Enquirer: 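Below you will find the structure I want to go over with you.
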Protein chains: 2
Amino acid sequence: MSPQRRARQKVTVTADLVILTIRADRLNVLLVERANEPFAGKPALPGGFLRGRESLDETAARELAEETGMDAARLHLEQIGVYSDPDRDPRDPRVITCAYLAIAPDLPLPTAGSDARAARWVPVAEAERVRLAFDHGDILRDGVELARDKLQFTTVATAFCGDEFTIGDLRAVYEAVWGVALDKPNFHRKVTDADGFVVATGGKRPTAGGRPAALYRAGGATVLSPPMMRSRRTGE
Amino acid sequence: MSPQRRARQKVTVTADLVILTIRADRLNVLLVERANEPFAGKPALPGGFLRGRESLDETAARELAEETGMDAARLHLEQIGVYSDPDRDPRDPRVITCAYLAIAPDLPLPTAGSDARAARWVPVAEAERVRLAFDHGDILRDGVELARDKLQFTTVATAFCGDEFTIGDLRAVYEAVWGVALDKPNFHRKVTDADGFVVATGGKRPTAGGRPAALYRAGGATVLSPPMMRSRRTGE
DNA sequence: AGAATAGTGTCTGTAAGACAGTATTTG
DNA sequence: CAAATACTGTCTTACAGACACTATTCT
């Protein structure tokens with residue numbers, strides 16, 4: 001009357017990270033080079049094992065801090081999903097991973113210190129063509145797709161920017177993540193009209209020979225209503 | 001140079017299910033009574049342990065079949081997320097669960113056969129007030145919230161209906177899940193105009209003293225564009 | 001002045017919401 | 001016929017997209 005006990009088995013769990021940022025107007029992802037087998041020397045998403053009494057959210061936050069030096073508390077970090085195919089690790093059918101999406105401003109990578117194993121930013125378009133370790137190719141695709149969706153309905157786009165940013169910076173985020181050009185005037189109006197998306201700081205940032213752009217900070221809202229539509233009829 | 005080996009630890013993994021259906025115009029969830037400690041005798045979400053060489057998706061599908069007799073291949077089944085707080089199981093800090101959302105038409109529960117431990121449908125409003133085992137209260141809330149969101153942007157609402165349904169049936173789904181009244185004429189037009197949401201079968205279903213309703217089947221589309229808006233300005 | 005970038009005004013088409021009205025059935 | 005339910009038409013308002021135009025800086 002307790003078949004669970006027979007069926008119960010223990011597995012190893014990791015948290016892997018899809019850390020996205022915008023560099024030179026392109027969406028980039030942080031990749032590392034694997035130090036150990038399997039897939040030693042191959043590009044992979046950063047990640048690590050669940051430890052001690054951690055939750056997986058804590059594992060992800062810790063790995064994020066170790067890989068990038070970023071404070072996870074100030075970044076957007078959310079689950080993508082669990083990957084548990086028994087064939088995903090060629091050596092152990094019972095290693096599952098919980099993938100996380102992290103969104104970061106373009107910060108310099110502290111290649112020194114910590115666990116950083118040749119971590120580098122790679123344009124997503126490029127990373128998606130490369131063969132990554134394990135099922136990290138699938139995870140990357142899912143993570144990017146999640147980010148694209150989130151931009152539509154939430155205000156996370158601000159997580160790609162620093163504390164202060166211009167509307168143009170924010171538009172560059174949407175254009176990089178979606179890979180489309182947006183109408184500047186309409187974007188400006190939409191963002192500034194949306195409730196709690198951005199708040200003006202009063203400051204201005206000079207531009208290369210042009211009217212200086214007003215600076216903004218992220219507003220309190222997390223859901224974006226009405227959503228930023230990813231062209232319905234203009235056919236993606 | 002390999003601190004992973006030290007940190008690596010094994011955990012037990014379960015898949016828990018938030019199985020939703022519409023009964024008597026209300027959103028219901030399937031709850032079971034726990035047979036074993038911890039929380040023996042308490043209401044809980046159905047679920048079970050990852051076995052053999054299964055993926056978690058397969059575990060969820062198997063449990064769904066065992067609990068309800070439903071064929072998972074014909075139902076909507078998707079991940080909600082992972083719950084890994086070390087305090088979620090009072091007896092073992094290393095039991096994590098992957099929660100799944102299942103959407104089912106209102107089928108009779110095969111209380112006979114299989115593993116069915118006093119499984120019963122409970123209105124969600126009621127289930128959310130009851131204290132469930134483990135963190136199943138959180139999982140239920142997240143699952144219901146996910147279902148509400150999914151109704152906006154996808155065509156999953158049809159998964160609540162049988163093979164053939166009327167526009168009124170489909171509207172009842174939205175009204176039950178969102179807990180709001182929708183305008184009948186506008187809903188009808190919106191659904192029938194949306195591309196690939198529903199397709200008319202040509203059949204009709206008589207109603208209690210009224211014009212018979214046309215019957216539809218689910219269309220091929222999975223994303224709903226434009227989305228079914230959950231009242232922007234009419235204040236939720 | 002001219003170039004460059006930021007931001008506003010205005011017009012048009014589409015879609016949502018309100019709701020009046022029509023269609024098809026039962027009793 | 002009345003009652004009931006399904007469905008259609010139409011009007012109003014809001015928003016997306018296009019794009020002409022104004023504003024503010026640098027050289």
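Quick caveat, the model's predicted, so the values are computed rather than measured. So you know, we letter chains A, B, ... as the sequences are listed, proteins then strands, and number each from 1.
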Enquirer: Test of understanding: with side chain to side chain contact (heavy atoms under 4.5 Å, CB included), list the residues that count as partners of A147(B), not counting sequence neighbours.
Expert: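 Here the qualifying residues are L20(B), L101(B).
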Enquirer: In whole Å, what is the span from the CE atom of M228(B) to the C1' atom of dA15(C)?
Expert: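 Those two atoms, CE and C1', are 13 Å apart.
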Enquirer: With a 4.0 Å heavy-atom cut-off, tell me which residues in residues 210-217 of chain A come close to DNA chain D, sorted by residue number.
Expert: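 G210(A), R211(A), P212(A) - these, ordered by number, are the residues of the stretch whose heavy atoms sit under 4.0 Å from the strand.
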Enquirer: Does H188(A) have a side-chain nitrogen or oxygen under 4.0 Å from the phosphate oxygens OP1 or OP2 of dA6(C)?
Expert: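 Answer no for this pair, as no side-chain N or O of H188(A) is under 4.0 Å from OP1 or OP2.
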Enquirer: Given atom CZ of R205(A) and atom C1' of dC26(D), what is their separation to the nearest angstrom?
Expert: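 Between C1' of dC26(D) and CZ of R205(A): 17 Å.
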Enquirer: Select from G209(A) and K204(A) the residue whose nearest nucleotide in DNA chain C is closer to the 5' end of that strand.
Expert: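 Residue closer to the 5' terminus by nearest nucleotide: G209(A).
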Enquirer: Donor-acceptor pair, W121(B) side chain versus R23(B) backbone, under 3.5 Å?
Expert: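 Pair absent, no side-chain N/O of W121(B) close to backbone of R23(B).
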Enquirer: Extract from the structure each pairing of a protein N or O with an N or O of nucleotides 19-21 of chain D at less than 3.5 Å, listing the distance.
Expert:
none

Enquirer: Find the distance D193(A):CG to dG9(C):P and express it as a whole number of Å.
Expert: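 Rounded to whole Å, this separation is 11 Å.
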Enquirer: What is the separation between atom CZ on R171(B) and atom C1' on dA6(D), rounded to the nearest whole Å?
Expert: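 Value for this atom pair: 10 Å.
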Enquirer: Which residue pairs satisfy the side chain to side chain donor-acceptor pair (under 3.5 Å) criterion with at least one member in residues 180-189 of chain B, sequence neighbours excluded?
Expert: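 Side chain to side chain donor-acceptor pair (under 3.5 Å) check on residues 180-189 of chain B returns D183(B)-N186(B), N186(B)-R189(B).
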Enquirer: Check the pair V173(A), L151(A) against side-chain contact (heavy atoms from CB on, under 4.5 Å), reporting the backbone distance first and the verdict last.
Expert: CA-CA 9 Å; V173(A) 169; L151(A) 252 58; 4.2 Å; yes
Enquirer: Can you give me the bend angle of the helix from dA1(C)-dT27(D) to dG27(C)-dC1(D)? Use the axis through the first five pairs and the one through the last five, nearest 10 degrees.
Expert: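 For the helix from dA1(C)-dT27(D) to dG27(C)-dC1(D), the axes at opposite ends meet at about 10°.
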Enquirer: So does R88(B) pair up with D138(B), basic N to acidic O under 4.0 Å?
Expert: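 D138(B) and R88(B): not salt-bridged.
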Enquirer: Please say whether more than 12 non-hydrogen atoms of neighbouring residues, nucleotides or ligands are located less than 6.0 Å from CZ in R217(B).
Expert: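 Atom CZ in R217(B) is not packed in, count stays at 12 or less.
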Enquirer: Can you tell me the distance, in whole Å, between the CZ atom of F187(B) and the P atom of dT8(D)?
Expert: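 About 14 Å, once rounded to whole Å.
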Enquirer: Run the salt-bridge test on E66(B) and R62(B) with the 4.0 Å N-O cut-off and return the result as yes or no.
Expert: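 So E66(B) pairs with R62(B) through a salt bridge.
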Enquirer: Which class fits the ring pair H136(A) and F134(A): parallel under 30°, tilted 30 to 60°, perpendicular over 60°?
Expert: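 Because their plane-to-plane angle lies in the 30° to 60° range, the rings of H136(A) and F134(A) count as tilted.
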Enquirer: Report the distance from atom CG of L182(A) to atom C1' of dG7(C), rounded to the nearest whole Å.
Expert: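 For the pair L182(A) CG and dG7(C) C1', the rounded distance is 16 Å.
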Enquirer: Would R205(A) and E164(A) pass as an ion pair if we require N to O under 4.0 Å?
Expert: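 The answer is no: the pair does not qualify as a salt bridge.
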Enquirer: With nearest nucleotide decided by heavy atoms, which residue, P206(A) or K184(B), maps closer to the 5′ end of DNA chain D?
Expert: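 It is K184(B), whose closest nucleotide lies nearer the 5' terminus.
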Enquirer: Hey, which of I80(B), L27(B), I139(B) is the one that makes side chain to side chain contact (heavy atoms under 4.5 Å, CB included) with V144(B)?
Expert: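 Only one of I80(B), L27(B), I139(B) forms a side chain to side chain contact (heavy atoms under 4.5 Å, CB included) with V144(B), namely L27(B).
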Enquirer: Quick one: do R171(A) and E175(A) make a salt bridge, cutoff under 4.0 Å?
Expert: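 A salt bridge links R171(A) with E175(A).
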Enquirer: Rounded to the nearest 0.5 Å, what's the gap from CG on L45(A) to OH on Y100(A)? Could you check?
Expert: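 Result: 14.5 Å between the selected atoms.
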Enquirer: Expected output is a numbered-order residue list: members of residues 155-169 of chain A with a heavy atom under 4.0 Å from any atom of DNA chain D. What is it?
Expert: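 Here the set is empty: none.
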Enquirer: Step through it carefully: locate the ring centre of F165(A), locate the ring centre of Y216(A), and say whether they are under 6.0 Å apart.
Expert: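 No, they do not, as the ring centres are separated by 6.0 Å or more.
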Enquirer: For K190(B) and dC7(D), give me the distance from atom NZ to atom P, rounded to whole Å.
Expert: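 Interatomic distance, NZ of K190(B) to P of dC7(D): 18 Å.
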Enquirer: Under a 3.5 Å threshold, yes or no: a donor from one side chain and an acceptor from the other, between T97(A) and D16(A)?
Expert: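 Short answer, yes.
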